[in-house]
Amino acid sequence: MKLFASLKTPRRFFTLALFIASTLVAPRAALAQNDINFWSDYPNEELADALVARMSDEELYSQILMFGWAGAEPSELLNEWVLARGLGSVKVFGWNTDNTTLVARSVKALQEKAQRRKLQIPLFVATDQEGGWIRHVKGNTSITPGNLAIGASGYPYDAYYSGYYINREIAALGINMNFAPTIDLYTDKNSSIIGTRSFGENARDAGILGAAWAKGCLDAGVIPTAKHFPGHGDTQNDSHIFLPSINIDQKTFENRELVPFKYLIKNDVPAIMSGHLSFPQLRPNGEPASLSEYFLTDILRKQLGYKGLIITDDMMMNGATMYAGSVSRAFKMAIDAGNDIVISSTTAQLDELLWTNVLASMKRDPEFKKKVVTAARRVILSKLNYYKGKNTAPLYPDENAIDQRIPDKEGQKFFLDQACRSITAARKKSLPFTRESAGKVLLCGSEPQFFKAGKERWPSSGEFRFNYALGPNETQWAAQNIPQTAQAYDTIIMCVADQNSAAVARALKPLAGRGKKIVIFAIMSPVLVDDFDWADTVLLGYSYSPYALEALVGAAAGEFDPPGAEPISK
């Protein structure tokens, strides 16, 4: 009221109006100049518009592409995509990450090339570092207990700090986007593609734990990506090989599959990955969600109100290309459906059809070009919000500091504690097995940490070693020989990681009725030991992580009472 009371003359009103107008127009006028770039000091929304307005069709399309590279270092072809075409994002895959110093050096070199371009738009650098057995950045990064172990403890605290410490390690390498958490449900118990990557079968729990994991990821300076929308858990099929068909009705889809994503969207997850997944009862044409406007625009954007980035799973997977008929058609369909970033695990050649055909479509189809522009603007705005925020991975990682940050020293202690909270006693009869009560102990398995931890508790124990990935011949050999070896021992502790090692463990069943104590450690899916009711003790560890193995041995030796609850039903 006082402000308007002071405006008693038209002249004063005009002067104030002119001042207000000048403050609004001046930034826009400055944005019309040609010397702006990504780092210019303007509001992010306005700067995103200005950058997009200055970009050619080639630059706009490049901004929504993400390529990986096959060798230890980025190829000349990938460098050309970044430097000459303005590629928007790169992905670090698991086949080039044993040397983390080289990873950091490669990321730095690619970012330097991006900064040599006129608009200086930095790259998103992504990887899959879920925890558990999906760990694309290797070297000395932590092998963690994983999501199903988090589900067994049930603590959002464990989810948050898993996300925090996992991502604090990869942030040291300049990686600023993680394709995690996996919030698919462990619905199909025979699934080999999801399995222990899931937090469990309960949709609400998966949403709560996934949201906590994503918050930890963000607090570590890395962008989380919830996957695989709208849910990969109710199928045994792997979309890397062919298109999985999930035959559920609308009610199940709404009340189960979408629930975890609703939790993540409510908590403002910045990115969601679309899955190559078919839901024939919802879309009879069989289209994968990743290429479907119905799933990505109608459901994810409009129904669920999602505002962040939508990123495809790898478009080189058969689940996408088999339906589309070709890679170039799959790329166009992905953009039409509403994806903002389209991933290829390999670097495309400069003249591939996925480049030339999409550019041709942009020139002849204004509506399609509008979709590319919208996606590019969303990517650039996300980059502005991230890079100009307070908590980011370094644009240029310091390769000399990697040994101090990987593995994360605080994380090492946390992951052991987390593993102990997850250990579940599915069956216990003689537990604990002290040095006195266990008698002569035989340790059977493949992992070095298992034998190390076992020898510390039972110093005179024997060993029966086999490879983690048993082939058919070795499986047969082990199953034939382990009963004879076990005859000389009182307690046999056996690690089960897959169907083959489970078959070896079943060869011990006759000894259970002869006074031998058979102890089973399930070091991956608990489904593998559902029929081991003949064993004296069955402990679930959900992971071959050194932390999980240490915790399993500690629980068997009576150092703590296993507190975990199995996160999937029988």
Heavy-atom side-chain contact between [X] and [Y] under 4.5 Å:
X	Y	value
Met66	Val342	no
Ile194	Thr235	no
Leu78	Phe67	yes
Lys118	Asn37	no
Tyr544	Gln449	no
Pro122	Gln115	yes
Glu410	Arg168	yes
Val372	Ile335	yes

For the pair [X] and [Y], find out whether any cationic side-chain nitrogen is under 4.0 Å from an anionic carboxylate oxygen.
X	Y	value
Arg197	Asp184	no
Arg105	Glu73	no
Lys452	Glu456	yes
Arg54	Glu59	no

Criterion side-chain contact (heavy atoms from CB on, under 4.5 Å) on Ile208 and Phe199, from CA distance to verdict: CA-CA 10 Å; Ile208 292 171; Phe199 290 108; over 6 Å; no
Worked verdict on Leu185 versus Glu201 for side-chain contact (heavy atoms from CB on, under 4.5 Å): CA-CA 5 Å; Leu185 303 176; Glu201 66 184 3; 5.5 Å; no
Over 60° means perpendicular and under 30° means parallel, so tell me whether [X] and [Y] are parallel, tilted or perpendicular.
X	Y	value
Tyr547	Phe415	tilted
His228	His232	perpendicular
Trp355	Tyr61	parallel
Tyr161	Tyr164	perpendicular
Phe414	Tyr165	tilted

Qualifying salt bridge (charged side-chain N to carboxylate O under 4.0 Å, His left out) pairs, either residue in residues 377-396, two or more places apart: Glu45-Arg377, Asp49-Arg377, Asp340-Arg378
Pair listing, salt bridge (charged side-chain N to carboxylate O under 4.0 Å, His left out) test, anchored in residues 213-228, at least two apart: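 Every pair satisfying salt bridge (charged side-chain N to carboxylate O under 4.0 Å, His left out) with a residue in residues 213-228: Asp128-Lys227, Glu130-Lys227, Lys215-Asp219.
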side-chain hydrogen bond (donor to acceptor under 3.5 Å, both in side chains) evaluation trace for Ser446 with Asn467: CA-CA 5 Å; Ser446 59; Asn467 290 325; over 6 Å; no
Verdict with reasoning, Ile341 to Ser89, per side-chain contact (heavy atoms from CB on, under 4.5 Å): CA-CA 8 Å; Ile341 295 178; Ser89 306; 4.1 Å; yes
When rounded to the nearest 0.5 angstrom, what is the spacing between [atom1] in [X] and [atom2] in [Y]?
X	Y	atom1	atom2	value
Leu148	Ser198	CG	OG	6.5 Å
Thr312	Leu291	OG1	CG	8.5 Å
Ile166	Gln129	CD1	CD	7.0 Å
Asn99	Thr101	CG	OG1	5.5 Å
Ile568	Tyr186	CD1	OH	4.5 Å
Asp205	Tyr263	CG	OH	8.5 Å

Return the minimal non-hydrogen interatomic distance between [X] and [Y], and the atom names on each side.
X	Y	answer
Ala214	Pro224	O-CG, 3.7 Å
Gly163	Asn167	O-ND2, 2.7 Å
Leu296	Ser290	CD1-O, 3.7 Å
Leu47	Ser40	CD2-O, 3.4 Å
Ala334	Asn339	O-ND2, 2.9 Å
Val327	Leu354	CG1-CD2, 3.9 Å

Set of residues satisfying side chain to side chain contact (heavy atoms under 4.5 Å, CB included) with respect to Pro230, sequence neighbours excluded: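 Only Phe253, Leu258, Leu277, Phe279, Ala289, Phe295 meet the side chain to side chain contact (heavy atoms under 4.5 Å, CB included) criterion with Pro230.
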Other residues, nucleotides and ligands only: do more than 12 of their heavy atoms fall within 6.0 Å of [atom1] on [X]?
X	atom1	answer
Arg117	CZ	yes
Glu76	CD	no
Lys409	NZ	yes
Lys108	NZ	no

CA sep, side-chain torsions, deciding dist, call: Tyr160, Trp213, ring pair (Phe, Tyr, Trp, His ring centres under 6.0 Å): CA-CA 4 Å; Tyr160 172 86; Trp213 200 102; over 10 Å; no
Verdict with reasoning, Lys371 to Asp336, per side-chain contact (heavy atoms from CB on, under 4.5 Å): CA-CA 7 Å; Lys371 290 185 177 183; Asp336 268 323; 3.4 Å; yes
Donor + acceptor pair across side chains of [X], [Y] (<3.5 Å):
X	Y	value
Trp81	Gln349	no
Glu169	Ser142	yes
Ser162	Gln418	yes
Tyr542	Ser525	no
Ser382	Asn385	no
Thr196	Trp133	yes
Arg135	Thr141	yes
Asp313	Ser274	no

Worked check of side-chain hydrogen bond (donor to acceptor under 3.5 Å, both in side chains) between Asp158 and Ser153: CA-CA 8 Å; Asp158 283 340; Ser153 78; 2.8 Å; yes
side-chain contact (heavy atoms from CB on, under 4.5 Å) partner of Phe124, chosen from Val90, Ile311, Leu309, Ile175: Leu309
Phe93 six-ring face occupied by Lys91 cation (under 6.0 Å, within 45°):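 Positive - Lys91 is close enough to the ring of Phe93 and near enough to its axis.
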